[in-house]
Amino acid sequence: MNKALRPTIEALPASRIREVANAGIGRADILKFWFGEGDQVTPAFIRDAAKAALDAGETFYNHNLGLIELREALAAYANRLHMPAEGVGVDRVAVTSSGVHALSLIDQALIEPGDRVVIVTPVWPNLTAMPRIMSAEVVPVSLTCKNGVWSLDLQHLLDAATAGTRIVLVNSPNNPTGWTMRQHDWDQLLAHCRRHGIWLVSDDAYERIVFEPSMTINGHAPGVLSQVSDDDRFISANTFSKSWTMTGWRLGWIVAPRAFVAQLGKVIEFNTSCAPPFVQRAGLVAVNEGEPSVRQTVARLRASRDLLVSALGGIAGIEVAPPPGAMYLFFRIAGRSGNSVALAKQLVADAGLGLAPGAAFGSEGEGYLRWCFAASDTLLTQGATRLAEFLRR
Ligand SMILES: Cc1ncc(COP(=O)(O)O)c(C=O)c1O
């Protein structure tokens with residue numbers, strides 16, 4: 001008998017976050033902090049640009065790599081933000097239908113079955129699932145947590161990225177921990193990848209969501225886009241979702257070597273063919289005029305982070321430190337660091353509190369809970385109160 005599905009697909013774990021969220025279906029009283037999404041609607045000037053494009057009849061297929069105006073604007077954005085010595089040209093930019101799709105396209109273009117892909121974990125589950133779908137060997141390199149602060153042993157990562165490794169994938173600032181890679185570590189990693197011909201893929205979804213002045217360079221987190229040239233095996237995957245609060249629009253982009261982008265058009269053709277033109281028009285306005293909005297988003301998230309850190313820090317048994325970036329607290333509760341899915345379900349059932357279980361982010365995350373703090377002060381305070389009452393019972 002032929003197999004029904006590829007065993008690789010059958011072996012993929014279903015989302016543990018969904019498993020917990022499903023336990024709360026039908027309950028209007030749940031405070032939901034389980035998904036990685038803010039509570040703010042996309043700014044009006046961005047929505048208006050999409051409406052205007054629709055009214056102007058922009059409803060047709062367009063270039064596989066995206067509207068040339070948007071690609072030019074994204075190249076200019078990369079140059080403005082990162083100021084690379086060798087400027088990013090439009091031929092190094094491709095528009096994709098979301099950040100997750102950018103990452104999936106990269107995997108499709110680079111991975112042959114059995115290739116070794118090294119990933120810093122715990123991490124957003126899509127980053128480990130996508131190479132697995134391509135039949136890669138995924139090698140996690142775990143961050144460690146001390147006094148609520150997450151850090152990377154760089155040597156551990158370099159040792160794992162052996163010669164012959166195909167991809168090293170780093171998401172910094174990191175979902176779920178907020179860990180942000182230091183410039184020194186990025187520099188060492190780039191040198192290592194150059195030495196061994198390894199592709200370095202940087203998931204830059206949260207590159208603008210960085211709070212610590214010591215970790216902030218010209219409004220973005222440390223990275224190597226400023227140093228790489230067209231000769232480097234380096235790819236940045238990015239998204240409009242977080243910086244411009246555009247999660248539902250499904251728009252992202254890639255900065256990569258010219259030869260990679262030239263081939264990527266084919267891969268995009270056989271996936272989605274192109275991103276919707278009216279969505280790209282919205283993205284164009286976001287990237288050209290959205291700087292004040294990005295700054296407001298970061299300021300709001302910083303205040304929310306501080307509020308939640310102080311509220312949870314006041315609860316006995318919880319140790320948290322302010323994460324340097326992203327929009328999550330990833331924490332443990334003393335005496336309850338066993339099965340995080342069971343604990344998250346119990347919090348839904350008994351406290352009406354919706355958090356993501358740490359196990360969703362890899363076995364390294366087991367015992368932790370992730371709380372997305374992109375929410376109003378009122379909701380965050382109510383949530384912390386519910387958690388404190390639950391633990392007192
Ligand atoms: C680490 C990380 N990378 C990429 C993405 C992709 O975002 P999107 O597919 O909405 O563009 C997300 C979304 O949550 C994320 O957390």
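Scope of the values below: all heavy atoms of this structure, side chains included, with no hydrogens, waters or symmetry mates. Whatever order the structure lists them in is the order used to number ligands and atoms, beginning at 1. Sequential numbering from 1 along the given sequence is applied to the chain's residues.
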Problem set entry | Shortest protein contact, atom 8 (P) of ligand 1 (heavy atom only) | S241 OG, 3.4 Å
Exercise. To which protein heavy atom is atom 14 (O) of ligand 1 closest, and what is the distance rounded to 0.1 Å?
Worked result: K242 NZ, 2.8 Å
For this session: For the residue pair W249 and F240, establish whether any side-chain heavy-atom pair is separated by less than 4.5 Å.
Result: no
Exercise. Does some side-chain heavy atom of S172 sit less than 4.5 Å from a side-chain heavy atom of W179?
Worked result: yes
Problem set entry | Options D203, N126, N175, T96, ranked by nearest heavy atom to atom 2 (C) of ligand 1, top entry | D203
Exercise. Among W249, W124, W253, which one has a heavy atom closest to atom 5 (C) of ligand 1?
Worked result: W124
Problem set entry | Subset of ligand 1 atoms that lie under 4.0 Å from at least one heavy atom of S98 | 9 (O), 11 (O)
For this session: Go through ligand 1 atom by atom and flag the ones less than 4.0 Å from a non-hydrogen atom of Y206.
Result: 1 (C), 2 (C), 14 (O), 15 (C), 16 (O)
Assess, by modelled atom type and distance only, whether the side chains of [X] and [Y] contain a donor and an acceptor separated by less than 3.5 Å.
{"X": "E212", "Y": "T216", "answer": "no"}
{"X": "S135", "Y": "R6", "answer": "yes"}
{"X": "E37", "Y": "T247", "answer": "yes"}

For ligand 1, does [X] get within less than 4.0 Å through its side chain, its backbone, both, or neither, judged by non-hydrogen atoms?
{"X": "A205", "result": "side chain"}
{"X": "N171", "result": "side chain"}
{"X": "F240", "result": "neither"}

Problem set entry | Evaluation steps, salt bridge (Lys or Arg N to Asp or Glu O under 4.0 Å), between K242 and E207 | CA-CA 9 Å; K242 316 292 172 173; E207 71 164 342; over 6 Å; no
Exercise. Which distance, rounded to the nearest 0.5 Å, do you find between the CD of E137 and the OG1 of T165?
Worked result: 8.5 Å
Exercise. Does ligand 1 have an atom that lies less than 4.0 angstrom from a heavy atom of R250?
Worked result: yes
Exercise. Would one find an N or O of G36, backbone or side chain, under 3.5 Å from an N or O of ligand 1?
Worked result: no
Exercise. For the rings on W124 and Y206, is their centre-to-centre separation under 6.0 Å?
Worked result: no
